[in-house]
Amino acid sequence: MESYGKLLKDAREAKNLDLEKVAREISIERRYLEGLEAEESGVFPGEAYMVGFLKNYATYLELDSDFLLKLYHNKQIQEAPLPEGLYENYRKKSFLPIVIISSVAVACVIIVVSILLIIKNKKVTDDEVIVSSKSKNKQYELTDQKFMKRVYKGDQLFIPNGTDNKVILTVRNTLSSFGIDTPTGIYYVELAEEAELDINGDNISDMIIYVSDISPTDETRGAEVSILMRQGMSVVAATVSDEDIPLESEIKTTHPQIVILEDNRAYPFTINASFRGPCLFRDKVDRADSVETYFSSGEVFTATPHNGIRLWISNNNAVKFSIIADSRTYDLDIGAAGQVFVEDIKWIRDTDGKYKLVVIELD
């Protein structure tokens, strides 16, 4: 039987591509690409990630993604254990005294109830490792004092810049490596690694991040980080070039626009999407290539575009959106239940020189 992993590796090598280059271009970590080529499904957080990454990688290499998915599912079927009834000889069941069975059942119930009571009564504080995955995302303001805290996916860090606007950093990943969205791109920091980040794109380090604890298997544990701002730094909120912002009159659509906010300038914003059910989700941030991913209930997507993002969504009812811009949060109600739609969230300019952050449904 053909191997989907070998087909992926042969196609990549035939194009003279290394894994680092592929990982950057399709936004899939190298360890996951290696897992696909080695057919090691255990490195993925779940099958939805495995299937989504496999389809995305195959499409990038110009392979038949449906055929590779078929090879993957065939391999899963062959490796699955046979039901016990197919290979075990029939054995006459021995009769156990009812008293023994009842005693064991009662003991099990007592143990389970005791464990549940202990968990329920345990107080959870900010310093504890595990918090509920349903807890609301938190926002912190960074100062010249050292920041030490356990943060979770979706949390926001604000950096004052001497004006009413603040630079926003968003925690993107807390699984295996710590990922954070900044106005100049996404940074990843490994466990026990100290990394210097350039926030405003001037090639000068603005902050130092150290990751002291992060789980390789459970992102709901968050990440224990230390952040120290450079003394004397002045982070200026990034602005967007007018060349990248279309005029309102240039927008061609039969649908009305939803205006999120108006301002006298355009600047990066953060979009959060939380999934209430399975959804095929594709995004294209600014001028980057589009990325397609399968999300399941409870998962979160975060991005920080400079001038705009385009979204393709297979089931709008499964997604809840919010926008963070100018240090304020705006909840979005776009699309109807079960609707498949394509949306642009972007800056535009009107004839009076005002900038508007709008949601535009595309035909």
The single option from I324, I323, T329, L169 passing side chain to side chain contact (heavy atoms under 4.5 Å, CB included) against T270 = I324
Please answer whether the main-chain N or O of V300 pairs with a side-chain N or O of K153 as donor and acceptor at a distance below 3.5 Å.
-> yes
Quick check: does any side chain N or O of D286 sit under 3.5 Å from a backbone N or O of H306, one acting as donor and the other as acceptor?
-> yes
Tell me, with the steps shown, if L311 and V319 meet side-chain contact (heavy atoms from CB on, under 4.5 Å).
-> CA-CA 12 Å; L311 305 172; V319 193; over 6 Å; no
Would you check if I251 and D344 make a side-chain contact, meaning some heavy-atom pair closer than 4.5 Å?
-> no
Rounded to the nearest 0.5 Å, how far apart are NZ of K6 and CD of E39?
-> 11.0 Å
Determine the minimum heavy-atom distance between P305 and I271, stating which atoms define it.
-> CD-CG2, 4.4 Å
Specify the closest pair of heavy atoms between L8 and L61, including all atoms of both residues, with the distance to one decimal.
-> O-CD1, 3.4 Å
Do R150 and D213 come within less than 4.5 Å of each other through their side chains, counting heavy atoms only?
-> yes
Determine, stepwise, if the pair E37 / Y57 fulfils side-chain contact (heavy atoms from CB on, under 4.5 Å).
-> CA-CA 10 Å; E37 292 186 357; Y57 193 13; 2.8 Å; yes
Single-linkage hydrophobic cluster L63~L71, side-chain heavy atoms < 4.5 angstrom = yes
Are I260 and I345 close enough that some pair of their side-chain heavy atoms sits under 4.5 Å apart?
-> yes
Taking C-beta and beyond as the side chain, do R310 and V342 meet within less than 4.5 Å on heavy atoms?
-> yes
Find the distance between CG (D350) and CD (E262) and round it off to the nearest 0.5 Å.
-> 7.0 Å
Say whether F295 and V291 are linked into one hydrophobic cluster, either directly or through other cluster members, by side-chain heavy-atom distances under 4.5 angstrom.
-> no
Does some side-chain heavy atom of T304 sit less than 4.5 Å from a side-chain heavy atom of T182?
-> no
Interatomic spacing from NZ in K146 to CD1 in I208 - rounded to 0.5 Å = 9.0 Å
Check: Y210 and L228 side chains under 4.5 Å, non-hydrogen atoms | no
Taking all heavy atoms of N56 and all of E292, pick out the closest pair and write down the distance.
-> ND2-O, 3.7 Å
In terms of heavy-atom contacts, does NZ of K284 have more than 12 from other residues, nucleotides or ligands at under 6.0 Å?
-> yes
Any sub-3.5 Å donor-acceptor pair from D155's side-chain atoms to K138's backbone N or O?
-> yes
Output for pair (N173 CG, T302 OG1), nearest 0.5 Å, gives 10.5 Å
Any donor and acceptor pair, going by atom type alone, linking the side chain of T170 with main-chain N or O of R172 inside 3.5 Å?
-> no
Answer with yes or no whether the hydrophobic clustering places M148 together with L157; edges join I, L, V, M, F, W, Y residues whose side-chain heavy atoms lie under 4.5 Å apart.
-> no
How many angstroms lie between NZ in K354 and CD1 in I348, if you round to the nearest 0.5 Å?
-> 13.5 Å
Heavy-atom nearest pair, L142 first then M229, reads CD1-SD, 3.9 Å
Could you walk me through whether I28 and Y60 pass side-chain contact (heavy atoms from CB on, under 4.5 Å), step by step?
-> CA-CA 11 Å; I28 297 178; Y60 173 79; over 6 Å; no
Show the atom names and distances, to 0.1 Å, of all donor-acceptor pairs under 3.5 Å that link a side chain in residues 40-49 to residues at least two apart or in another chain.
{"unit_1": "E47", "atom_1": "OE2", "unit_2": "Y72", "atom_2": "OH", "d": "3.2"}
{"unit_1": "Y49", "atom_1": "OH", "unit_2": "E299", "atom_2": "OE2", "d": "2.8"}

Side-chain donor or acceptor of R12 paired with backbone N/O of L17 under 3.5 Å | yes
Nearest atoms (heavy-atom pairs only) where S177 meets Y188 = OG-CD2, 3.7 Å
Scanning both residues in full, the closest heavy-atom pair of S290 with W312 reads CB-CZ3, 4.1 Å
Can you spot which of F281, F321, F301 makes a ring pair (Phe, Tyr, Trp, His ring centres under 6.0 Å) with F275?
-> F281
Hey, any chance V259 and L247 share a hydrophobic cluster, counting ILVMFWY side chains that come within less than 4.5 Å of each other, even indirectly?
-> no
Short question: side chain of R221, backbone of T174 - any donor-acceptor pair under 3.5 Å?
-> no
When rounded to the nearest 0.5 angstrom, what is the spacing between CD1 in I245 and OH in Y355?
-> 5.5 Å
Co-membership, hydrophobic cluster, residues V189 and F147, 4.5 Å side-chain | yes
Can you find a heavy atom in the side chain of N272 that is under 4.5 Å from one in the side chain of Q156?
-> yes
Do P246 and K346 have side-chain heavy atoms sitting under 4.5 Å apart?
-> yes
Using the side-chain contact (heavy atoms from CB on, under 4.5 Å) rule, take V171 and Y152 through it: C-alpha gap first, then chi angles, then the decisive distance, then the call.
-> CA-CA 7 Å; V171 178; Y152 301 86; over 6 Å; no
